[in-house]
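Keep in mind the model is a prediction, meaning the values are calculated, not measured. What you see below is based on every heavy atom in this structure, not just the backbone, and it leaves out hydrogens, waters and symmetry mates.
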2 protein chains.
Amino acid sequence: MTITDVASHAQVSTTAVSKVLRNAYGVSPAMRDRVRAAIDELGYRPQAAARAMRGRTFTIGVLLPHIRNPFFPDIVDGMTEQVADAGYQVIMVQGGGATPTAERRAIEALVDRQVDGILMIAPLASRTQLEEVAATTPTVVLGRHERSAVYDSVLDDDEAGTELAVGHLIALGHRRIAHIAQKDGSRSRPAALLHAIRARTYERVMTEHGLADHIAVAATSYTEEGGHRGTRQLLAATPRPTAIFAGADMAAFGALAALHEAGLRVPADVSVAGYDNTSMAALAHISLTSVDQDGAIMGRTAGRLLLERVEGRASSVRFVVTPTLVPRASTAPPP
Amino acid sequence: MTITDVASHAQVSTTAVSKVLRNAYGVSPAMRDRVRAAIDELGYRPQAAARAMRGRTFTIGVLLPHIRNPFFPDIVDGMTEQVADAGYQVIMVQGGGATPTAERRAIEALVDRQVDGILMIAPLASRTQLEEVAATTPTVVLGRHERSAVYDSVLDDDEAGTELAVGHLIALGHRRIAHIAQKDGSRSRPAALLHAIRARTYERVMTEHGLADHIAVAATSYTEEGGHRGTRQLLAATPRPTAIFAGADMAAFGALAALHEAGLRVPADVSVAGYDNTSMAALAHISLTSVDQDGAIMGRTAGRLLLERVEGRASSVRFVVTPTLVPRASTAPPP
DNA sequence: ACCGGGATGGGTAACGTTACCCACAACAAC
DNA sequence: GTTGTTGTGGGTAACGTTACCCATCCCGGT
């Protein structure tokens, strides 16, 4: 079932069919209808691979660190909503999270498949690597703060978000506030990555409030397991922290588990705050104070920017959303 | 950067390069080394689209109902682990969950991209539709109980799992046990889908224990929102149920939220059990009794079966995992 | 009657890779 | 010496689609 079959069935040339498929110029309404009818009748569907050889694949690739984080679906759904109408399909690949090698392979997989645009969520790769990809394929990077002339950026103001969270804990009277950060395996360790910003801002805010001596960071990862391990490290200190600011809700969940195992009550003994305001954080049994960033808008914007780039825009755009604090029951004044 | 460039750089034919790339027969070790060197030197990467025109794409497509359910990552990770060594890349598409139209589009997207194999997780499509796809592309269906000669099945013994959960509640002394099920939008409504099995088995177990009069089902969806809405429906009955068996952990989380809002304590007033034993269920603050099924093994097996089919196996395989019950603090004797 | 130009449709050469064949050399068996 | 056989390498025609170009036709203006 190829374009040739459709052409002979509709008594037109393959060129005509191709034009109809692409809404190209030079087709009379009569022919369009005839071709459309033939396509429906035969149930024809164009092969993406053959299209890729000459033109577009109508595919947007999304690189996710992993699909465990409940914040990513918001982004992906926003993206899908935005590009579906234009006939684009969203495909996702997992980047393997902590190891830059796995991420690199995932990005290459998207490039090899000639997707028309790539959204990379918090990639670990060096800026040079990202720009190499962006030189070939329209690219939007989400969650990194550096500016680039070749790709667009969509990000949350992580400084503001961190200030909100840490400021909230300080306002409650906490002084020994610890932080759970993500340690990535990359040698280059781009300082512009969101977790680096959050960690740095945590230290800055602590210092500005005269709490530099109480800075304590467990560099594990933004996962449940990382939060668990990080909390155990932090609890080993004497005196132990009275509050923990986790760089992501997932890590905060792990922190809650570790605190419970240690026999500590939240928030009576230790307060916990997260970041991302995932739906799980709102559950009554968890009720996690968290920083909210609008993932759906970020996803939609990323989609729009990619479509613009596919259509030819060359200038670089930077879109920043402002986070808000959602205080819940996991934070309270220190004991 | 094409195969021709590599060929001329290595002073061999394109055929030779192609053979090396595919590990095909008819290459001397000397030539293989020479070609490999040229490939590395030039940083050549084969274009998936061009390969797809003649041969394989080395891509496995995974259809997910959505990426919000924390059980799916286990499956995807198992799959990835299994096929990565063979050089395959896993790409994921979202099926839109409740609407068969969105799912159909997602499946078509995978077929159009000529993936070498497809894993469909709990698809809603009719068996006929699935078999049409499977006739063209090696297919593994996860979470459906019907037998097919053209695709392989990987599933959890949902009858056994449901018996464990409902039996556990009955053994605790509950009689008014309600169920939260998934209502799919399909007209055909395949009875072999996992949620249909769970609902049917729930009714059977209740009946077998003489509790037919206490059967109460809220047909919403296996999501947090569905669990929330379903629970509100169930609580409207008088007398209200003393236990809720949600067909999935996600729905159980929604149930916990709704119960909390209604001022009911878990498990003192109402017990709650889920299915999937997601990592969230284990959190101390939630401590949800749940049915565990090994997603990693299911994913690995699905990967193995797909690779076998790509290699030519035509017979049909069915792989069933046996679930276990993980009792936690969300279930207790009725008040 | 002639010309110009817009609208419409088609012919055809790519795109990068692989499957299928064939060619040749080296060597063993008769 | 002839005949297979095996190992090794290359030539080439596809695969399905689109971009580019060219051929008509029709209409209005001179």
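Applying the ring-ring contact (aromatic ring centres under 6.0 Å, His included) rule to Tyr88(B) yields the partners Phe58(B); only residues at least two apart in sequence or on another chain are considered. Partners of Arg313(B) according to the side-chain hydrogen bond (donor to acceptor under 3.5 Å, both in side chains) rule, which considers only residues two or more places apart in sequence or in another chain, are Asp152(B), Glu308(B). Thr301(A) meets the side-chain hydrogen bond (donor to acceptor under 3.5 Å, both in side chains) test with no other residue; sequence neighbours excluded. The side-chain hydrogen bond (donor to acceptor under 3.5 Å, both in side chains) test applied to His9(A) returns no partner, not counting sequence neighbours.
Annotation: proximity of residues 8-15 of chain A to DNA chain D (heavy atom, distance under 4.0 Å) is found for Thr15(A), numbered in ascending order. Residues from residues 25-42 of chain A lying near DNA chain C, meaning a heavy-atom separation below 4.0 Å, are Tyr25(A), Gly26(A), Val27(A), Ser28(A), Met31(A) in numerical order.
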Donor-acceptor contacts, no H, no angles, side chain residues 75-82 of chain A, under 3.5 Å, sequence neighbours left out:
| from | atom 1 | to | atom 2 | distance (Å) |
| --- | --- | --- | --- | --- |
| Asp77(A) | OD1 | Gln94(B) | NE2 | 3.0 |
| Asp77(A) | OD2 | Arg68(B) | NH1 | 2.9 |
| Thr80(A) | OG1 | Val76(A) | O | 2.8 |

Sequence neighbours excluded and cut-off under 3.5 Å, please list the side-chain donor-acceptor pairs for residues 31-43 of chain B, or say none.
| from | atom 1 | to | atom 2 | distance (Å) |
| --- | --- | --- | --- | --- |
| Arg34(B) | NH1 | Ala10(B) | O | 2.9 |

Donor-acceptor pairs are to be reported for all side-chain atoms of residues 135-143 of chain A against protein atoms at under 3.5 Å, with residues two or more places apart or in another chain.
| from | atom 1 | to | atom 2 | distance (Å) |
| --- | --- | --- | --- | --- |
| Thr136(A) | OG1 | Glu132(A) | O | 3.2 |
| Thr136(A) | OG1 | Val133(A) | O | 3.3 |
| Thr139(A) | OG1 | Thr137(A) | O | 2.7 |

Intra- and inter-strand pairing of DNA chain D, written as dot-bracket with Watson-Crick and G-U pairs under 3.5 Å and | for the latter, reads ||||||||||||||||||||||||||||||

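The salt bridge (charged side-chain N to carboxylate O under 4.0 Å, His left out) analysis of residues 47-57 of chain A, with sequence neighbours excluded, yields the pairs Arg56(A)-Glu311(A).
Protein chain A touches strand DNA chain D; the 5'-most and 3'-most nucleotides with an atom under 4.0 angstrom of its non-hydrogen atoms are dG16(D) to dA19(D).
Here the side chains of Pro123(B) and Glu103(B) are in contact, with some heavy-atom distance below 4.5 Å. Using a 4.5 Å cut-off on side-chain heavy atoms (C-beta onward), Thr59(A) and Arg113(B) make contact.
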